[in-house]
Amino acid sequence: QYAYAYVQSEGDLLVNSDYARATALHQRAFKLYLRARGFGLRALALRHRGVADSLRLAPERAVASFTVRDLAALYWTAASWGSAIALGKDRPEMLADLPAIRALVNRGLALDESYEGGAFHEAAIVLDALPPAMGGSPESARKHFARAVELSHDRKASPYVTLAQSVCVLQQNRAEFRRLLERALMFDPDQYPSRRLATIVLQRKARALLDRQDEFFL
């Protein structure tokens, strides 16, 4: 959470004005995500010995023994691992870990799709926004988006920002991109105090994406 809110997001805002600083922040966020992944795998290994190796060798089999007691470690391991891949697109070796992340997310959905207001569905949006050759499906991503909004009782800006910057850009749907981000900006951060910081961070992200939209669309 720290890496996203205070490191990566700062870098995202500086991409056009200070590329060197943005690159340094993104590199730091990448390392923090990998560190978080390490903590997550160690937490899972307390109840599932050798899970780090088995996730890479046979991910579906590795997650089969996970239970609801593992949900928190399962989610944050997948989130940090996926975030590292997103920032490490210039590192092809990271892409080999995608099946492990998808297995973690799918297991989380099977155990409790309502976890943290549909957080696993939000993660699935990003995975399904990948090209079809990498297992992606925009149609499936949209279903996960709808379910995330439903499970959160439409109290979170994050599903809107996630769908906009992933699927809308992939499909070059600029009108929907703008509509989703404008919807994210309509949330009142003070209405749900427990989500206040997350809402503020995501709304800053939404504004930055709107300001840079010419970079994402032909």
Side-chain angles (χ1 to χ4, degrees), residues 1-19 21-37 39-40 72-73 75-89 101 105 108 114-127 129 141 144-145 147-170 176-213 215-216:
Q1 287 178 311
Y2 170 81
Y4 179 79
Y6 296 105
V7 185
Q8 180 183 339
S9 292
E10 291 295 332
D12 292 344
L13 294 174
L14 293 172
V15 167
N16 290 333
S17 60
D18 189 344
Y19 184 75
R21 175 63 176 160
T23 301
L25 285 167
H26 285 162
Q27 177 63 18
R28 181 172 179 236
F30 175 74
K31 292 179 178 178
L32 286 169
Y33 288 139
L34 290 182
R35 186 180 182 189
R37 179 194 65 178
F39 285 135
Y75 173 74
W76 289 108
T77 301
S80 57
W81 205 340
S83 296
I85 288 179
L87 275 184
K89 292 176 181 176
I101 299 170
V105 171
S114 67
Y115 177 80
E116 291 294 316
F120 283 107
H121 282 287
E122 290 185 48
I125 294 172
V126 179
L127 290 173
H144 286 297
F145 163 77
R147 191 63 178 143
V149 171
E150 181 181 4
L151 289 170
S152 67
H153 305 289
D154 203 10
R155 295 176 179 176
K156 298 167 66 176
S158 48
Y160 295 92
V161 177
T162 300
L163 188 70
Q165 68 177 354
S166 57
V167 175
C168 293
V169 173
L170 176 70
E176 185 184 35
F177 174 88
R178 292 173 59 180
R179 178 176 60 79
L180 289 168
L181 294 178
E182 288 166 358
R183 173 67 183 92
L185 292 173
M186 291 173 63
F187 284 88
D188 179 2
D190 296 320
Q191 186 172 3
Y192 303 106
S194 64
R195 295 194 178 101
R196 185 175 187 276
L197 179 59
T199 301
I200 290 172
V201 170
L202 285 162
Q203 288 181 332
R204 185 173 63 167
K205 175 78 170 180
R207 292 188 187 95
L209 288 169
L210 285 169
D211 289 341
R212 297 175 54 201
Q213 59 185 289
E215 301 174 26
F216 309 128

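- Between R195 and E116, none of the side-chain N atoms (NZ, or NE/NH1/NH2) sits under 4.0 Å from a carboxylate O, so this pair counts as no salt bridge.
- Every residue two or more places apart in sequence or in another chain that forms a salt bridge (Lys or Arg N to Asp or Glu O under 4.0 Å) with R212 is listed here: E215.
- Across Y33 and A3, no two heavy atoms sit closer than the pair CE2-CB, 3.6 Å.
- In this structure, Q191 has no side-chain hydrogen bond (donor to acceptor under 3.5 Å, both in side chains) partners at least two apart in sequence or on a different chain.
- Considering CD1 of I101 and OG of S83, their distance stands at 8.5 Å, rounded to 0.5 Å.
- Considering every non-hydrogen atom in both L170 and A129, the closest pair reads CD2-O, 3.2 Å.
- Rounded to the nearest 0.5 Å, atoms CD (E150) and OG (S114) are 11.0 Å apart.
- Distance check: Y192 OH to K156 NZ gives 12.5 Å after rounding to the nearest 0.5 Å.
- Environment of CD in Q27: crowded, with over 12 heavy atoms of neighbouring residues, nucleotides or ligands closer than 6.0 Å.
- Relative ring orientation between Y75 and F120 is described as perpendicular, the plane-to-plane angle rising above 60° on a 0-90° scale split at 30° and 60°.
- Judged by distance alone, the side chain of Q203 and the main-chain N or O of I200 form no donor-acceptor pair under 3.5 Å.
- We find the CD-CG distance between E122 and L151 to be 10.0 Å, quoted to the nearest 0.5 Å.
- Between A123 and V105, the shortest heavy-atom contact is CB-CG2, 4.0 Å.
- Counted within 6.0 Å of CZ on R155, heavy atoms from surrounding residues, nucleotides or ligands total more than 12; the atom is thus considered enclosed.
- Nearest approach of L87 to A29, heavy atoms of both residues: CD1-CB, 3.6 Å.
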Which pairs of donor and acceptor atoms, one on a side chain in residues 177-190, lie under 3.5 Å apart (sequence neighbours left out)?
residue : atom : partner : partner atom : Å
R183    : NH2  : D154    : OD2          : 3.1
D188    : OD1  : D190    : N            : 3.0
D190    : OD1  : R196    : NE           : 2.7

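- When side chains are defined from C-beta on, Q8 counts as touching D12, because their heavy atoms get closer than 4.5 Å.
- In this structure, OH on Y19 lies 9.5 Å from NE2 on H26, to the nearest 0.5 angstrom.
- Of all the heavy atoms in L163 and A141, the pair that sits closest is CD1-O, 4.4 Å.
- Taking OG1 of T162 as the start and CG of L202 as the end, the distance is 7.5 Å to the nearest 0.5 Å.
- Here the side chain of S152 pairs a donor or acceptor atom with the backbone of V149 at under 3.5 angstrom.
- The two residues G118 and A148 come nearest to each other via the heavy atoms O-CB, 4.0 Å.
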